[in-house]
Amino acid sequence: MNHRSGFNPLERMAASRKALHRSMVTSLFRYERIRTTKAKALEIRRSAEKLITRAKVDSVHNRRLVSARLYDEGIVAKLFTDIALRMKERPGGYTRIIKLGERLGDAADVVILELVDYKLDIEGTTDKKAKKADAKKADTADAKEKKTDGKKDSAKGAAKTAAAKGKAKAPRKTAPAAK
């Protein structure tokens, strides 16, 4: 029986488990939303919430404790200056787990672990699509201009293609298999 074990070892040795926690918590704070398995998410949630609680009080001691658990000093700064300030009024429960279903290969439960105040940037995606469409129109306009310039230099283009064809390698001949 597994009574009072304290934490899920995730079938890893201590060093691997520590590295997993550090990298996943760092990724959670960097992207504010990660996709992982349910077992990992439940463990990472514990670590992340403790770090956010520490970051709510900005002191040298707390910064040192948090930076011992995270890889990137830039993420430590983001945690103290951005994330902790957004969570200042919240007494706990800084993360949420959204179930996605099962993974095809091994049927593991896949979830999204995200910060509670994470907002999906839907408007930004439409802006990106509009920018891509504008860029595509500009590219087609440039291509049309090149076509008109290309007709003038058609003799040069024909010479280049002939030279390229001459450099093309002939297919290799293979010896028949010996019986």
Could you list the cluster mates of Val110? Members are the ILVMFWY residues connected by side-chain heavy atoms closer than 4.5 Å, either directly or through other members.
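Members besides Val110, by chain and number: Ile98, Leu100, Ile112.
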Linking Ile, Leu, Val, Met, Phe, Trp and Tyr by side-chain heavy atoms under 4.5 Å, what else ends up with Leu65?
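Leu65 clusters with nothing; isolated.
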Could you list the residues that satisfy salt bridge (Lys or Arg N to Asp or Glu O under 4.0 Å) with [X], not counting sequence neighbours?
X: Arg86; answer: Glu32, Asp82, Asp117
X: Arg12; answer: none
X: Arg22; answer: none

Among all residues two or more places apart in sequence or in another chain, which pass the side-chain hydrogen bond (donor to acceptor under 3.5 Å, both in side chains) test with [X]?
X: Glu102; value: none
X: Arg30; value: Asp72
X: Arg69; value: none
X: Lys56; value: Tyr94

With sequence neighbours excluded, what pairs up with Ser59 under the side-chain contact (heavy atoms from CB on, under 4.5 Å) test?
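Expected list: His61, Asn62.
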Please identify each residue that fulfils side-chain contact (heavy atoms from CB on, under 4.5 Å) with Glu73, with sequence neighbours left out.
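Here the qualifying residues are Ser67, Val76.
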Would you say the side-chain atoms of Lys99 pair up with the backbone N or O of Asp109, donor to acceptor, closer than 3.5 Å?
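No, the answer is negative, given that no donor and acceptor are paired below the 3.5 Å cut-off.
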Go through the side-chain N and O atoms of Glu114 and Thr95 and say whether any donor and acceptor fall under 3.5 Å apart.
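No, no side-chain donor-acceptor pair sits under 3.5 Å.
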Just list the side-chain donor-acceptor pairs under 3.5 Å for residues 33-43, sequence neighbours left out, or say none.
from: Glu43; atom 1: OE2; to: Asn8; atom 2: N; distance (Å): 3.3

